[in-house]
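Just so it is clear, the structure is predicted and the values come from calculations on it, not from any experiment.
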Amino acid sequence: MLNPSQQLAVDHLTGPLLILAGAGAGKTHTLTERIATLIQERGVAPESILAVTFTNKAAKEMRERIGKKLGRDTTNMSPYRMSGFPLVGTFHSVGIFFLRTFIEYLGYDKNFVIYDEDDKLRLMKSLIKARDLDEKEIAPRAVIGAISQAKNQGITAAKYDTIVNNYFQSMVRDIYVAYEKALVENNALDFDDILLRTNDLLQNPEVLERLHNRYEYIFVDEYQDTNDIQYQIIKLLASKYRNLSVVGDDWQGIYGWRGANIKNILSFQKDFPGAVVVKLEQNYRSTKTIISGANAVIKCNKEALDKTLWTDNEEGDKIKLIEAISEKQEAELIVKEIKEDFSDLSKWAILYRTNSQSRLIEEALIRAGIQYKIYGGQRFYERKEIKDILAYMRLVFNPSDTMSLRRIINVPSRKIGEKSVETFLEYVHNFRAPFSEVTEGIDEMDELTPQARRGIAGFSLLYRELTEYLQIHSIKELMEEIIKKTQYIDYLRNEYGEGESESREENLKEFANMASRYDGLDSREALMMFLEDIALITDSDRDEPGQNNFVSMMTIHSAKGLEFENVIIAGAEEGLFPHSRTLMEPREIEEERRLMYVAMTRAKRILTITRARERYTFGNYSANPPSRFLKEIPAEFTEVKALEVKNLFGGFGSSLSYPTLEKEVPVPEKGTGTVKRSVTSNDPSSFALGERIRHVEFGAGTIVSISGPIAEIAFGAGKGIKKMHLGIAPIEKET
């Protein structure tokens, strides 16, 4: 069954058509019904229809639905060799099909290969080396990123000179030319070339005419996600017959950071005069309350097409707003919400703005014995940058840990080749001694090159310095010293470019946050406890084969296109969501608001939004205002949940009344709008023997001995006696 708006879209015959499909409004159903109707009722030849989308999953689903309507089995169908069936694929798969057919017009052979990221990196390194350039100054990955960005904007090597305005770009220009030449010589394309070369093909009148004669009807799914070059390709393909049908939702345009241009859908009627616009505004997914709240938020955007989502579904529960004292308590309250409806964990999804938010939520779920699965990214402790720094810390704790040694002896690069690493590790194995002792005889290892010997000796010296450093510093300070001594941040930026390295740096800051919870303890004991705690988390196998009864965790970007019975959106604070990088740019704030709309409309039945009053960020507590998006949800659709919770320090004293969420959101004029206070700073002389205190990690305790600023504190619940520096330990007197 089709509703009246869907039927209107299906009945449209010729000319440009924009189907504005709100979240959960049945856009895929409408699109496939339209294609089937053209074939079955209008006599359109199936082979004259081309439909493109963004993911293989979406393309497969569309083929299957069309196949059912046409009575065709698509199980083993090749979309490019099936007669009597529309061509349905992703932009890139369709592009490769066109290139295989016509690439000889561009001077390539049809048997071209597609280089993956490793192929690109090896080629780029050879080009940089051939020019006697220093990889630390001209990082291969950074050059690859710049070339990729240029290609996605349709800027070829020949045109790159027009955007050069600094030294790095001038180097990219020269390398880009050589890179393209090398690709041609190897009869290879990279991933970005697929669309760039497809667009080049369509500039050829003969090729364009042949494709016009083949494809009279063009369909595009998720049109709001198209970038400039995809827009150009579609416009050229539809230029003869103008039978272009696009489906999209400007309210769900959330990929501007990777090149998507929201103006493509906003300007559709201008770009294609005479276009018919059909709005699919009936939502079949969510409750009235969720839809009303989401509508109110997205309507605050100025750059948007006019529509209003509505539903015939039940009114439903109000949107829960939960405010925690800290990010740790936020994670615990999220778990408490899930426990209230524990029967089927698959109903639950936890969404967050950045991957670094996942760590505390993971820990809380593990402590509660709740199974979960993270989508669209690695678990926090499995990320490379975390594992690298963790390997240094493990080696400081246990110099016989050859697995950690192997991982980081040449990270960042110390010019120790793989063969030299293996030779040295063989010495370590044969001597049955810690590597630091074996290194004393490094000059006698003739199998190693002088450069490798120097690199290994330098690493051994670093190890000794870090071991001595730990004796009088906290493990958080040790972590910071490792990052500083190894110039690890520079390494990340050189390896991954500024865009990707930024998120990795955020993960390291979050890692340091965790280490700071052990401040004040004897350093060796703190490091031991730290490593044990992490091992308990990372060694757990949480995904049992064939079992789907788990909570789903993912970034909001990864959640687009999905739906869940119950959704929790974590971290609704200024500076986090919306992200601090977007606060000074109105257009970026509007994309953040679209991201909130996407997050809210993933929920079918229950929607919960949480925030923390304070977050501990790299040595400071940040008191972030509530997200402006919370203020934009009308009070009649929300319920501020009041709970009795244990106090911030996890002790057993009196409970605190659950705070009321502020509805007035102060919007900062500059910066992130956060208020910071320094890390714990106590007066050691103010503490007395026998006094009761509370620790942020261990709860209630009693001071059993004091010697200057150093005290021994006895904690309950099996935590034992801990030695702490009263000046910096995160403790407060019990009142």
Decide side-chain contact (heavy atoms from CB on, under 4.5 Å) for L189 and L183; before the verdict, give the C-alpha distance in whole Å, the side-chain angles of both, and the deciding distance to 0.1 Å.
CA-CA 6 Å; L189 304 177; L183 287 175; over 6 Å; no
Applying side-chain contact (heavy atoms from CB on, under 4.5 Å) to D132 and not counting sequence neighbours gives none
Salt bridge present between E180 and R197 (N-O < 4.0 angstrom):
yes
Steps toward side-chain contact (heavy atoms from CB on, under 4.5 Å) verdict (L360, E510)
CA-CA 10 Å; L360 285 174; E510 177 64 13; 4.2 Å; yes
Distance, nearest 0.5 Å, that separates CG of N430 from CG of L425
11.0 Å
Mind checking whether F435 and F459 have parallel, tilted or perpendicular rings, split at 30° and 60°?
tilted
Give the C-alpha distance, both sets of side-chain angles, the deciding distance and a yes or no for side-chain contact (heavy atoms from CB on, under 4.5 Å) between L405 and F424.
CA-CA 11 Å; L405 175 64; F424 178 66; 4.3 Å; yes
What distance separates I229 CD1 from I194 CD1, expressed to the nearest 0.5 Å?
11.5 Å
Do R100 and I96 come close enough that some side-chain heavy atom pair is under 4.5 Å?
yes
Other residues, nucleotides, ligands: >12 heavy atoms within 6.0 Å of R131 CZ:
yes
For residues Y491 and Y488, establish whether the separation of their ring centroids is below 6.0 Å.
yes
Apply side-chain contact (heavy atoms from CB on, under 4.5 Å) to I147 and V143, showing your working.
CA-CA 6 Å; I147 292 175; V143 178; 3.9 Å; yes
Mind checking what makes side-chain contact (heavy atoms from CB on, under 4.5 Å) contact with Q451, not counting sequence neighbours?
K415, T449, R454
Do the charged groups of E135 and K129 touch, with an N to O distance under 4.0 Å?
no
Consider only side-chain N and O atoms of N261 and D228, and report whether a donor and an acceptor are under 3.5 Å apart.
yes
Please check if any side-chain donor atom of E385 sits under 3.5 Å from a side-chain acceptor atom of N507, or the reverse.
yes
Inspect the contact between E222 and K560 and indicate whether a charged nitrogen and a carboxylate oxygen are less than 4.0 angstrom apart.
yes
Rounded distance (nearest 0.5 Å) linking atom CG of L237 with atom OG1 of T198
9.0 Å
More than 12 heavy atoms of other residues, nucleotides or ligands under 6.0 Å from CD of E209: is that the case?
yes
Can you confirm whether or not the ring centre of F577 sits under 6.0 Å from the ring centre of Y352?
no
When you check the side-chain N and O atoms of S436 and T439, is any donor under 3.5 Å from an acceptor?
no
Taking the side chain as every heavy atom from C-beta outward, state whether L583 and E588 have any atom pair closer than 4.5 Å.
no
Rounded to the nearest 0.5 Å, how far does CZ of F98 lie from OH of Y215?
5.0 Å
Is the CD atom of E422 crowded by more than 12 outside heavy atoms at less than 6.0 Å?
yes
If you apply the rule side-chain hydrogen bond (donor to acceptor under 3.5 Å, both in side chains), what do you find for D200 with Y105, and how did you get there?
CA-CA 10 Å; D200 289 344; Y105 285 88; over 6 Å; no
So, are K476 and E480 salt-bridged, with charged N and O less than 4.0 Å apart?
yes
With a 3.5 Å cut-off and no angle check, do the side chains of S239 and H212 form a donor-acceptor pair?
yes
When the aromatic ring centroids of F191 and F91 are compared, is their separation below 6.0 Å?
no
With a 4.0 Å cut-off, would you call E591 and R594 a salt bridge?
yes
Value rounded to 0.5 Å, distance of CE in M553 from CD in Q357
9.5 Å
Does this structure show an ion pair linking K419 with E447, if we count only N-O contacts that are shorter than 4.0 Å?
no
Give a yes-or-no answer on whether the side chains of T423 and S420 include a donor-acceptor pair shorter than 3.5 Å.
no
Is the gap between the ring centers of Y231 and Y223 under 6.0 Å?
no
In plain terms, say whether E592 and R581 are close enough for a salt bridge, that is, a side-chain N and a carboxylate O under 4.0 Å apart.
no
Apply side-chain hydrogen bond (donor to acceptor under 3.5 Å, both in side chains) to the pair T555 and S558, showing each step before the final yes or no.
CA-CA 5 Å; T555 64; S558 299; 3.0 Å; yes
Distance in Å, Y392 OH paired with K387 NZ, rounded so as to fall on 0.5 Å steps
15.0 Å
Distance under 6.0 Å and angle within 45° of the ring axis: does R504 meet both against Y496?
yes
